[in-house]
Amino acid sequence: MPKIPLDQALEGDVLSKDVVVGTTAVFGTGTVLIKKIIEILEKLRVKEIYIEGREGGKFRSLNDLLDNIEQRFSCAGDSEIMRHLKYLAKDIASVERGYR
């Protein structure tokens with residue numbers, strides 16, 4: 001669970017600890033970072049975050065990220081709202097990606 005400066009965060013990094021601003025958790029453990037989330041954290045003046053290790057180049061491709069989203073929603077069953085949320089998450093990942 002490395003702690004890194006926010007300016008070293010990459011899209012596809014996964015938060016290993018909630019990001020708390022004041023007394024409010026703004027993004028929870030397990031959140032996959034995208035450009036928009038990193039920008040929000042910058043605006044909130046967050047300096048450091050905890051991420052899961054980057055070993056193995058986790059989420060270095062869009063397909064890796066989409067597979068992870070599919071896996072995370074696999075327990076949702078046939079819920080219509082969860083299916084819509086999954087497709088929304090995939091759409092956001094596809095549009096907002098910027099892998100380095």
Side-chain angles (χ1 to χ4, degrees):
M1 166 183 346
K3 181 179 180 180
I4 63 166
L6 183 61
D7 62 0
Q8 292 180 11
L10 300 173
E11 289 189 76
D13 283 341
V14 179
L15 294 177
S16 62
K17 200 172 183 183
D18 292 350
V19 176
V20 179
V21 176
T23 58
T24 304
V26 290
F27 293 104
T29 302
T31 299
V32 178
L33 296 181
I34 60 172
K35 183 179 178 183
K36 195 67 160 176
I37 292 174
I38 295 170
E39 289 171 357
I40 290 169
L41 293 173
E42 288 169 348
K43 288 180 183 177
L44 292 172
R45 297 186 178 145
V46 171
K47 300 291 183 211
E48 298 174 317
I49 57 173
Y50 289 89
I51 61 166
E52 293 179 4
R54 291 183 182 158
E55 62 279 340
K58 190 171 188 176
F59 304 127
R60 288 298 172 233
S61 73
L62 178 59
N63 285 337
D64 288 347
L65 182 54
L66 296 177
D67 288 346
N68 181 267
I69 291 170
E70 190 69 39
Q71 180 182 5
R72 287 178 180 267
F73 278 88
S74 66
C75 63
D78 291 333
S79 168
E80 185 175 347
I81 187 71
M82 294 304 284
R83 188 172 53 251
H84 288 296
L85 288 172
K86 176 176 72 174
Y87 291 127
L88 179 62
K90 286 183 171 186
D91 284 345
I92 290 170
S94 296
V95 171
E96 296 291 332
R97 69 187 173 92
Y99 296 99
R100 298 178 194 172

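Note that CD1 of Ile4 and CG of Leu10 are 7.0 Å apart. Values are rounded to the nearest 0.5 Å. In this structure, Ile51 CD1 and Gln8 CD are separated by 9.0 Å, a value rounded to the nearest 0.5 Å. Atom CG of Leu41 and atom CD of Glu39 lie 10.0 Å apart (nearest 0.5 Å). For the atom pair NZ (Lys86) and CG (Leu66), the distance works out to 11.0 Å, reported to the nearest 0.5 Å. Going from atom CG of Leu15 over to atom CD1 of Ile49 covers 5.5 Å, rounded to the nearest 0.5 Å.
Note on Val20: it does not cluster hydrophobically with Leu6, by side-chain heavy-atom contacts below 4.5 Å among ILVMFWY residues. When the side chains of ILVMFWY residues are joined at heavy-atom separations under 4.5 Å, either directly or via intervening members, Ile34 and Tyr87 end up in two distinct hydrophobic clusters.
The minimum heavy-atom distance linking Leu33 with Ala9 is given by the pair CD1-CB, 4.0 Å. Here the shortest heavy-atom pairing between Glu52 and Pro2 reads C-CD, 4.2 Å.
Under the rule for a side chain to side chain donor-acceptor pair (under 3.5 Å), the partners of Asp18 that lie at least two apart in sequence or sit in another chain are Thr29. With sequence neighbours left out, Leu44 forms a side-chain contact (heavy atoms from CB on, under 4.5 Å) with Val21, Val26, Ile40, Val46. Under the rule for a side-chain contact (heavy atoms from CB on, under 4.5 Å), the partners of Gln71 that lie at least two apart in sequence or sit in another chain are Asn68.
Among residues at least two apart or in separate chains, salt bridge (Lys or Arg N to Asp or Glu O under 4.0 Å) pairs with a member in residues 40-49 are Lys3-Glu48.
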